[in-house]
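What follows is one structure encoded as structure tokens, with my remarks underneath.
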Amino acid sequence: QGRIINRLDPGTSLLVEIDALGNVTVAGEPVAASQLSGLAAEAISRGRTEAFVRADGEARYTVLAQTLTELRRGGYENVGLVQESVSERP
């Protein structure tokens, strides 16, 4: 079931971002796909109970799918997608 979240809590949420070129970052730091499941497991152990992915509209679906798969392998059963309205874009 979907739900609308207006603001992510950095203390309980893990945010993974994918840019138009397919680069994946967490907290502004580049992350290889092979590192995501371990990073997810560590984040869960530190109390980050929610995971979200923000992907650029030009990002390839395969990168998004791989990111979601790795987060699930790391222990997140549900991963949210962050959508920004047109008015929130720079």
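Note that the coordinates shown come from a computational prediction; the quantities given were computed from them, not determined experimentally.
Within the 4.5 Å cutoff, no side-chain heavy atoms of Ile18 are placed close to those of Asp56. The shortest side-chain heavy-atom distance between Leu39 and Leu14 falls under the 4.5 Å cut-off.
Contact between Leu64 and Ala55 at its shortest, heavy atoms only, is CD1-CB, 4.4 Å.
Listed by first then second residue, pairs satisfying side-chain hydrogen bond (donor to acceptor under 3.5 Å, both in side chains) with a partner in residues 22-39 read Asp19-Asn23, not counting sequence neighbours.
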Scan the side chains in residues 66-76 for donor-acceptor partners under 3.5 Å anywhere in the protein, sequence neighbours excluded, and list what turns up.
{"unit_1": "Thr67", "atom_1": "OG1", "unit_2": "Val63", "atom_2": "O", "d": "2.8"}
{"unit_1": "Thr69", "atom_1": "OG1", "unit_2": "Ala65", "atom_2": "O", "d": "2.9"}
{"unit_1": "Glu70", "atom_1": "OE2", "unit_2": "Arg73", "atom_2": "NH1", "d": "2.6"}
{"unit_1": "Tyr76", "atom_1": "OH", "unit_2": "Arg48", "atom_2": "O", "d": "2.6"}

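Residues passing the side-chain hydrogen bond (donor to acceptor under 3.5 Å, both in side chains) test with Glu17, sequence neighbours excluded: Arg54.
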>> side chain to side chain contact (heavy atoms under 4.5 Å, CB included) for Val82 and Val53? Distances and angles first, verdict last.
In response: CA-CA 6 Å; Val82 177; Val53 175; over 6 Å; no
